[in-house]
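Input: a single structure, listed below in structure tokens.
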Amino acid sequence: MTVLQRIFLILLCVCFISGCYEDEAEITLNSDGSGTLKQKLVLSERLIVSASNGGGSERTPPATKEKVLEQIGQAIDVTSIKQTDLPDGGRIIQFEGAFSSAEQFFLSEFCRDTLKLRIAPAGEGKAAIYCDMEQSGDGGPSLTQLYGMAKGLYIRRTVHLPTDVEKTNGYWDKAKNTVSWATDLRDKAGLAKTKLFIESRDKGSGFAVFNASGLKFSLPLKVTALPEKAIEEKKVQKDSAGLAAEVAWISVQRAKKIDGTDIAKQSYTEIGIELSWNVGHRPIRHNKPVLQSLLDDLNNDLVTSEEPSVFQGKISEHQKKKEFKLKEKAPSKNARKLKNLEGYVEVITDVVKELVVLENIQELVGQESTRNPVLDKLNFRIKSLKGTTLKIEINGGNKRITSLYMTKEDGSKVKKRGGMGWGNEYSYNFDEDISKLNKCELEVVVSESTVKVPFSREEILLP
């Protein structure tokens with residue numbers, strides 16, 4: 001699912017509205033890797049109401065400045081943020097900030113998953129900024145359908161580069177070394193320009209190639225969360241806990257033609273990444289693997305904008321290693337090797353939990369606060385308590401809760417029989433009526449230790 005489809009589905013699922021979201025971000029990159037970011041969000045009244053009443057999810061645009069700061073994380077050091085409520089119930093959120101290194105900004109989840117920007121080498125003495133505005137034809141609404149159902153959607157990314165831009169498929173101000181890309185569904189003129197970009201040869205995948213000789217930082221960017229150690233022949237990097245990631249195998253699948261027509265299977269590069277650890281240092285959970293850079297020897301960028309098939313997962317006690325598969329673009333037919341393969345797997349190595357006992361749960365139903373400091377930090381709320389069902393809201397959804405029990409007056413626990421949820425909301429179903437019970441015990445994750453385990457290969461010969 002691509003960025004336009006994701007945004008549309010978010011807005012459609014949240015509030016079935018049009019004219020509800022504008023997002024403009026302006027990034028300035030300096031030659032030493034430092035830089036600044038300015039961003040402006042315009043949200044409609046319906047989107048704000050829906051998000052504030054639990055209709056949002058982890059992918060819903062943040063509707064308050066507190067949520068914006070949470071989404072930014074450590075990507076930039078925020079210097080100012082302003083929230084303005086409009087007479088029609090809408091809202092404008094504007095903020096500015098700075099980053100001290102290219103790694104701080106471009107390796108952040110905020111840059112990668114929210115702004116959809118990436119920086120990578122683009123051949124000898126060249127670098128490139130990539131911007132994902134792509135829309136796939138694999139199901140989902142067309143641009144014309146998007147215009148009809150989400151008119152008013154506007155997303156723009158502008159990047160000021162420190163050296164001369166050599167080529168781009170975006171809007172180009174040569175005098176200022178500035179490029180930008182936009183998805184504009186505010187009017188028919190914007191729709192026409194957006195269609196031209198999305199339906200071009202690049203299919204909405206924005207790029208700007210620029211001179212890298214003046215850069216004072218190296219590409220591809222290296223994950224610095226782990227201490228640098230000697231790299232073995234297989235390009236394995238290890239930290240003191242024994243975590244390691246390596247490129248285990250690579251295969252290239254090329255589409256074949258039957259009677260001049262491509263068969264259904266497309267061309268792609270598949271990469272096997274193996275995560276391993278020493279005895280006694282097994283990670284608890286993993287997030288999706290991230291590929292930062294991959295070129296063929298003709299300097300074609302092979303990193304796809306599609307999300308990996310595996311996002312998060314637990315690692316069981318008996319496992320000694322874990323394998324992931326990444327599916328990227330296929331190299332050119334004339335390519336002889338791959339190069340500059342760089343990425344990482346983010347793992348959770350430790351969690352801190354706290355047990356919370358709520359003695360007055362009936363009084364907390366519908367309240368904005370439980371008056372418990374641990375739960376209030378996680379924005380925990382009891383949404384409803386009816387029959388055999390308890391509905392709650394908490395940052396991170398049920399992944400934040402490792403156990404939850406409803407307790408009777410005699411101290412016995414009511415058995416759960418399942419649950420379901422989406423985003424930050426979750427429903428627990430029990431075997432008995434719990435609507436009159438007053439005590440709830442739950443264990444919540446209050447913090448996690450994460451490590452980015454890097455993998456890399458400088459060069460791989462193609463068969």
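Note that this is a predicted model, so its numbers are computed, not measured. Scope of the values below: all heavy atoms of this structure, side chains included, with no hydrogens, waters or symmetry mates.
Side-chain N or O atoms of Thr194 include none that pairs as donor or acceptor with a backbone N or O of Thr183 at under 3.5 Å. Judged purely by atom type and a 3.5 angstrom limit, Thr178 uses its side chain to pair as donor or acceptor with the backbone of Lys176. In this structure, the side chain of Arg285 does not engage the main chain of Pro283 through any donor-acceptor pair within 3.5 Å. Side-chain atoms of Arg400 do not come within 3.5 Å of backbone N or O of Ile394 as any donor-acceptor pair. Proximity of a side-chain donor or acceptor of Gln104 to a complementary backbone N or O of Gln74 within less than 3.5 Å is detected. A distance-only check finds a donor-acceptor pair linking the side chain of Ser293 to the backbone of Asn340 [under 3.5 Å]. Using a distance-only test at 3.5 Å, with no hydrogens or angles considered, a donor-acceptor pair links the side chain of Gln292 to the main chain of Leu221. Remark: side-chain polar atoms of Thr163 are not paired, donor with acceptor, to backbone N or O of Gly214 under 3.5 angstrom. Between the Asn30 side chain and the Gly33 main chain, no donor and acceptor come within less than 3.5 Å of each other. In this structure a side-chain-to-backbone donor-acceptor pair under 3.5 Å is missing from Ser100 to Ser34.
No salt bridge links Lys222 with Glu103; every basic N to acidic carboxylate O contact stays at or beyond 4.0 Å. Of the charged side-chain nitrogens involved, at least one lies within less than 4.0 Å of a carboxylate oxygen, so that Glu425 and Lys383 count as a salt-bridged pair. Here Glu459 does not pair with Lys339 in a salt bridge; the nearest charged N to carboxylate O distance is not below 4.0 Å. Using a 4.0 Å cut-off between a side-chain N of Lys or Arg and a carboxylate O of Asp or Glu, Asp113 and Lys288 qualify as a salt bridge. Note on Arg457 versus Glu246: no salt bridge recorded, every NZ/NE/NH1/NH2 to OD/OE distance being 4.0 Å or above. A salt bridge is absent between Asp297 and Lys337: the closest approach of a Lys/Arg side-chain nitrogen to an acidic carboxylate oxygen does not fall below 4.0 angstrom. Taking the charged nitrogens against the carboxylate oxygens, Glu274 and Lys322 have no contact shorter than 4.0 Å, which rules out a salt bridge. Residues Asp301 and Arg118 are paired through a salt bridge, judged by an N-O separation under 4.0 Å between the basic side chain and the carboxylate.
Heavy-atom contacts from other residues, nucleotides or ligands closer than 6.0 Å to CD of Glu124 number 12 or fewer. The environment of Glu109 atom CD is sparse: at most 12 non-hydrogen atoms of other residues, nucleotides or ligands sit within 6.0 angstrom.
Note that CG of Asp296 and CG of Leu298 are 5.0 Å apart. Values are rounded to the nearest 0.5 Å. Interatomic distance, Leu275 CG to Ile273 CD1, rounded to the nearest 0.5 Å: 10.0 Å. From Ser447, atom OG reaches atom CD1 of Ile348 across 12.0 Å, with rounding to the nearest 0.5 Å. If you take CG on Leu185 and OH on Tyr21, they are separated by 13.5 Å, rounding to the nearest 0.5 Å.
Residues Tyr428 and Ile401 meet the side-chain proximity criterion, which asks for heavy atoms closer than 4.5 Å. At least one side-chain heavy atom of Ile81 sits less than 4.5 Å from a side-chain heavy atom of Lys65. Contact check for Tyr130 versus Leu117: no side-chain heavy atoms found under the 4.5 Å cut-off. Leu390 is not listed as a side-chain neighbour of Ser427, based on a closest heavy-atom distance of 4.5 Å or more.
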- Item | Derivation and outcome, side chain to side chain contact (heavy atoms under 4.5 Å, CB included), residues Val209 and Val165 | CA-CA 6 Å; Val209 177; Val165 176; over 6 Å; no
- Message: Assess the residue pair Gln83 and Ile93 against the criterion (side chain to side chain contact (heavy atoms under 4.5 Å, CB included)); give the C-alpha distance rounded to whole Å, side-chain angles, the decisive distance to 0.1 Å, and a yes or no.
- Response: CA-CA 5 Å; Gln83 177 175 304; Ile93 302 174; 4.3 Å; yes
- Item | Verdict with supporting geometry, Leu294 and Ile271, side chain to side chain contact (heavy atoms under 4.5 Å, CB included) | CA-CA 11 Å; Leu294 180 62; Ile271 306 170; 3.9 Å; yes
- Task: Please assess Phe197 against Trp181 for the test side chain to side chain contact (heavy atoms under 4.5 Å, CB included), listing each intermediate value before the final yes or no.
- Result: CA-CA 9 Å; Phe197 179 47; Trp181 302 270; 3.7 Å; yes
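Under the 3.5 Å distance criterion, with hydrogens and angles disregarded, a donor-acceptor pair is assigned to the side chains of Ser369 and Asp376. Inspection of the Asn429 and Thr389 side chains reveals an N or O donor paired with an N or O acceptor under 3.5 Å. No side-chain donor-acceptor contact under 3.5 Å links Lys377 and Asn395. Counted by atom type alone, Glu346 and His286 present zero donor-acceptor pairs between their side chains at under 3.5 Å.
Here the options are Lys40, Arg156, Arg157, the test is side chain to side chain donor-acceptor pair (under 3.5 Å), and the partner is Asp23; only Arg157 passes. Considering Phe110, Phe217, Phe99 as possible partners of Phe105, the one that fulfils the ring pair (Phe, Tyr, Trp, His ring centres under 6.0 Å) test is Phe99. For the pairing with Glu26, the side chain to side chain donor-acceptor pair (under 3.5 Å) check across Lys38, Gln39, His160 returns one residue only, His160.
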